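Atoms within each ligand, like the ligands themselves, are counted from 1 in listed order. Since we're looking at a predicted model, the values are computed, not measured. Numbers for residues simply follow the sequence, beginning at 1. Side chains included, hydrogens not; waters and symmetry mates left out as well; all remaining heavy atoms used.
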Amino acid sequence: MAKHLIKVATVAPKLNKDSAVAVVITEKNSKLSAIENLLALGLTSEHELAKLGAKNNLDALTRVPGPNGSVIVLVGGFVAGDLDAIRHVGGSIGRSLGEFKQVYLDISLKNESEATALLEGYAIGHYSYDAYKSQAKRSVAQVCTLLTTLKLKPATLTRVDVLSNAVHDTRNLVSMPANDLYPQTFVTEVNKLVRGAKLTVTVLDEKKLSAGGFGGLVGVGKGSVRPPRLVKLEYKPVGAKFKLALVGKGITYDTGGLSLKPAASMLGMKYDMTGAATILNAIIAIARLKVKTHVTAYLCLAENMPSGNATRPGDVIKVRNGKTVEVTNTDAEGRLVLADGLSLASEAHPDLIVDVATLTGAQRVALGARYAGLMGDDSAVAVVSKAAKTAGELVWHMPMPDELKSLMNSDIADLQNAKVGNTAGGMLFGAMFLREFIGKKTATSNQTIDWAHLDIAGPADNDGAGYGYIPRGASGSYVRTLITIAEHCAK
Ligand code: BES
Ligand code: ZN
Ligand code: ZN
């Protein structure tokens with residue numbers, strides 16, 4: 001795993017063969033670094049840049065020789081104040097310069113927000129997953145120094161550290177293959193990750209799940225020799241007024257169950273626990289940052305396998321809130337485990353529930369790999385949209401059309417989990433099903449709890465090349481959106 005230390009300095013560095021200096025392609029004068037003036041190196045005439053093949057693009061880094069064997073890296077320019085672009089540039093630097101022991105960011109920044117965005121991008125982007133490489137590339141410990149006269153608050157650097165760790169820990173957990181990560185070992189990982197954070201952890205094993213009426217988790221998990229778990233994590237700071245509940249889909253592997261997936265669609269289904277990994281690392285970060293919001297996270301963990309003991313298409317299960325579901329497709333398992341999680345979350349009457357799930361292939365078809373589908377109550381959707389915008393993560397509001405409601409009708413149970421032979425609006429149907437398990441605001445109220453659903457089937461896994469601070473593979477996206485929601489709710 002790539003390790004780094006972030007520093008801030010005003011003095012010019014002593015460069016050597018282990019150093020790289022990132023400078024912006026359109027800036028003529030580099031004020032703080034040893035490269036006093038880029039013009040002196042003949043680097044800023046359009047003609048010279050064109051000859052080098054240098055592009056003014058946020059992902060195109062161009063390396064040219066610098067003083068004392070160092071490397072100067074020309075990075076894309078950005079408009080002042082565009083924090084997303086600055087975060088992206090920082091990410092490209094962190095992602096692409098892993099072999100250097102020292103990286104200097106010699107980039108003019110206007111204020112602390114810009115500096116934070118650059119460092120956040122760098123820290124989140126500086127990542128590699130080599131736990132399973134027998135000959136791991138020896139990752140060098142890197143010191144990244146921001147050259148600036150701006151005064152950064154210590155809390156700013158702490159926040160960068162907490163956020164980037166949360167994103168990296170999410171990617172690590174998501175990348176772990178399913179022969180090693182299953183419900184029980186997921187719990188082991190939870191216990192490791194929460195160390196030192198002020199959280200209480202409660203684990204419901206298969207016996208408690210059966211006794212507690214969690215028919216979704218039990219029904220999905222029973223095809224596997226590795227039984228399901230429900231993990232509840234609670235962070236309750238004194239003086240918090242707002243109660244936020246997070247619910248995550250944690251299918252450690254999704255074969256589809258007896259409604260078996262074709263081979264090509266099954267590959268990558270270790271990613272099906274990304275929702276749970278995302279909310280887990282978000283609540284840990286929220287606790288580390290001491291955000292004044294009461295947050296509870298519910299991880300719905302199961303392995304979806306076909307076997308002689310698996311739930312059959314046509315079986316009826318009973319979920320925690322008492323509703324019965326005819327399982328018309330065992331591959332629509334995420335909504336079944338979330339039904340239990342959402343029911344349990346509702347019992348505590350939180351002010352807002354946000355669930356995160358790699359719920360439908362339809363999400364990826366509709367929105368691709370960079371936008372999450374966002375559905376739910378208008379007010380909850382507004383809260384999530386605003387936080388995502390602040391965090392620089394992409395969500396797109398999708399509707400929940402009434403016309404789909406009747407498609408949930410089952411001949412024999414309260415609901416069916418899938419509309420067989422009808423793929424229209426699959427992502428929307430998933431959200432409509434989940435809504436059935438959102439409880440009331442209070443025991444006597446007839447208003448339902450504010451709720452938003454993030455379908456992250458596409459963006460959980462970047463199956464293309466890396467860009468900005470996103471590597472190929474597990475993205476770690478939406479952890480920062482959730483942290484930001486908790487921060488906004490504290491106000
Ligand atoms: N885990 C999948 C969704 C998924 C697909 C995530 C591709 C990431 C990439 C989910 O459990 C699933 O299989 N959903 C079915 C639902 C259908 C049977 C109603 C789907 O999308 O095909
Ligand atoms: Zn499935
Ligand atoms: Zn799934």
Scan for ring-ring contact (aromatic ring centres under 6.0 Å, His included) pairs involving residues 378-437, sequence neighbours excluded, and state none if there are none.
-> Tyr371-Trp396, Phe433-Phe437

With Lys261, which residues qualify under side chain to side chain donor-acceptor pair (under 3.5 Å), at least two apart?
-> Asp331

For the residue pair His4 and His126, does the interplanar ring angle fall in the parallel (under 30°), tilted (30 to 60°) or perpendicular (over 60°) class?
-> tilted

Taking the six-membered ring of Tyr298 (Phe, Tyr or Trp), confirm whether the NZ or CZ of Arg320 is under 6.0 Å from its centre and within 45° of its axis.
-> no

Got a salt bridge between Lys405 and Asp402, using NZ or NE/NH1/NH2 to carboxylate O under 4.0 Å?
-> no

What orientation do Tyr129 and Tyr132 show, parallel under 30°, tilted 30 to 60°, or perpendicular over 60°?
-> tilted

Can Asn304 and Ser224 be counted as having a side-chain donor-acceptor contact under 3.5 angstrom?
-> no

Go around the Zn ion (ligand 2) and count every protein N, O or S atom nearer than 2.8 Å.
-> 4

Output yes when Glu333 and Lys249 qualify as a salt bridge under the 4.0 Å nitrogen-oxygen rule, no when they do not.
-> yes

Any side-chain donor near an acceptor of the partner, His88 and Asp59, under 3.5 Å = yes

Enumerate, one pair per line, all nitrogen or oxygen atoms of ligand 1 lying under 3.5 Å from a protein nitrogen or oxygen, stating the separation to 0.1 Å; write 'none' if no such pair exists.
unit_1, atom_1, unit_2, atom_2, d
ligand 1, 1 (N), Lys249, NZ, 3.3
ligand 1, 1 (N), Asp254, OD2, 3.1
ligand 1, 1 (N), Asp272, OD1, 2.9
ligand 1, 1 (N), Asp272, OD2, 2.9
ligand 1, 11 (O), Lys249, NZ, 3.1
ligand 1, 11 (O), Asp254, OD2, 2.9
ligand 1, 11 (O), Asp331, O, 3.0
ligand 1, 11 (O), Glu333, OE1, 2.9
ligand 1, 11 (O), Glu333, OE2, 3.0
ligand 1, 13 (O), Lys261, NZ, 2.7
ligand 1, 13 (O), Asp331, O, 3.1
ligand 1, 13 (O), Asp331, OD1, 2.8
ligand 1, 13 (O), Asp331, OD2, 3.1
ligand 1, 21 (O), Gly361, N, 2.7

